[in-house]
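See below for the structure under consideration.
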Protein chains: 2
Amino acid sequence: MARDPQKTRDLILSTALRLFVEKGYFASSIHDIRHAAGLSIGSIYHHFDSKESIASAIYDDLLGRMTSMVEDASGSHMTAKAKCRAIISAMFSMHETDPLTVHFVLHARHREFLPDAPPICSTRPFELMKQIIEEGIASGEIHPIDPVVAGAILFGGAMRLLHLAGDGVLSKPLDFYLDELFEAGWRGISV
Amino acid sequence: MARDPQKTRDLILSTALRLFVEKGYFASSIHDIRHAAGLSIGSIYHHFDSKESIASAIYDDLLGRMTSMVEDASGSHMTAKAKCRAIISAMFSMHETDPLTVHFVLHARHREFLPDAPPICSTRPFELMKQIIEEGIASGEIHPIDPVVAGAILFGGAMRLLHLAGDGVLSKPLDFYLDELFEAGWRGISV
DNA sequence: GTCTATAATTTGATAGAC
DNA sequence: GTCTATCAAATTATAGAC
């Protein structure tokens, strides 16, 4: 048959992502992925060394996507306030267009099946958020409190809503809450 | 031998909790628990029907502990502000004295191995927090914004710090951040 | 109530034909 | 590159002696 190998690879990744989010990494066997993707075990192992390497590829891909999202949102604005709002807004949009990605990055216990992955909070996108907060404090936009605290209030609140949305317990789309959420969060940490 | 059965049961639960938090539920086999607890497979299966029932017992126990914690903290104060602060303070203390409990309740993906458990946000302690927020809005202490948003800012920020503490990326003990965190969170949502 | 030995499945992964 | 058939190891759970 020898189909387009890139297509096959992408199919494996998207299928695995869906199963990992739906049932969790450990409850999704290679055979489940094989069946859901309509492929064979052999084909999967031709493209990936192991189940863990599939998870690793997904993780890298999604983290990269989140990183450029944060970089874009951050680069298009000047003030810390505008940057932070753009990041949260982009994360909310991402949840609507690509909920699996957000769910995987936010919910999944990566350390459990990717023991060598650094803690999510020390990855690029989260470092960028911390950096923006610190610059906001330096420029006088944000109260001179501990950056960890400011970040927890502003982004922690947003992540909490993302979690709730992922659990399907919100009655409205995320966008509905954005204005109120950001206003309250920002008032809490701005000078 | 016939040791005290309650002691054995507790030993199984505490050992399993430790392993579940350290290595995750799926990476901890019954044999791991057996070995770490210094017991036999037979003894474990005498006290519990299955691995899942161990997780279920742990979950019920910890959720009950969190519930009374929230109820106590809430019941000892009159204003929404004092109640919320007491809850966050108690959660932070709990993290110091019993980090495994907090970690398990906050981090673990219960739905993955306890498919019948309701989403954590719809359990008693989280319902209580939501209720306190709503009463605060009704009494005029809290801005009349969506209760979900107010809860996300105040408790989401605190949970974010608990997550970071659990990942071991905070340089100071949680108590160090409490005042700043609560002040910022409350300023964000209070009238 | 606790133990050892073992059954029954499932899992991740490999071999080799096409 | 994709497939089928199969392996070896690990896992949950059970049986039955003491």
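Model, not experiment: these values are computed from the prediction. Letters A, B, ... are given to chains in the order of the sequence lines, protein chains preceding strands, and every chain is numbered from 1.
- Across the protein-nucleic acid pair, Arg34(A) atom CZ and dT11(C) atom P stand 11 Å apart, rounded to whole Å.
- At the heavy-atom level, Ser43(B) lies under 4.0 Å from base atoms of the strands shown.
- Across all strands, Ser40(B) comes closer than 4.0 Å to base atoms (heavy-atom distances).
- Within 6.0 Å of NZ in Lys130(A) there are 12 or fewer heavy atoms belonging to other residues, nucleotides or ligands.
- Rounded to whole Å, the distance from CZ on Phe48(A) to C1' on dT14(C) is 18 Å.
- Asp32(A) has its CG atom 6 Å from the P atom of dT11(C), to the nearest Å.
- His47(B) comes within contact range of the sugar-phosphate backbone alone, with a heavy-atom separation under 4.0 Å but no base atom that close.
- One atom, NE2 of His35(A), and another, C1' of dT10(C), lie 16 Å apart when rounded to the nearest Å.
- Residue Ile30(B) contributes atom CD1, which lies 11 Å from atom P of dT11(D) at whole-angstrom precision.
- Checking the phosphate oxygens (OP1, OP2) of dT2(D), a side-chain nitrogen or oxygen of Thr8(A) falls inside 4.0 Å.
- If you check every strand for non-hydrogen atoms under 4.0 Å, Ile41(B) touches a base.
- In this structure, NZ of Lys7(A) is placed 16 Å from P of dG1(D), rounded to the nearest angstrom.
- A centroid separation of 6.0 Å or more is found between the aromatic rings of Tyr25(A) and His110(A).
- Note on His46(B): every side-chain N or O is 4.0 Å or more away from OP1 and OP2 of dT2(C).
- One interatomic measurement links the two molecules: CD1 of Ile44(A) to P of dG1(D), which rounds to 15 Å at whole-angstrom precision.
- Screening residues 142-155 of chain A for side-chain hydrogen bond (donor to acceptor under 3.5 Å, both in side chains), with sequence neighbours left out, gives His143(A)-Arg187(B).
- Straight-line distance from the CG atom of Leu39(B) to the P atom of dT4(C): 11 Å, rounded to whole Å.
- Electrostatic pairing of Glu112(B) and Lys23(A) does not count as a salt bridge here, judged by no charged N lying under 4.0 Å from a carboxylate O.
- A salt bridge links Asp179(B) with Arg85(B); the closest basic N to acidic carboxylate O contact falls under 4.0 Å.
- Toward the 5′ end of DNA chain C lies the nearest nucleotide of Gly42(B), the other residue of the pair Gly42(B) and Ser50(A) mapping further downstream.
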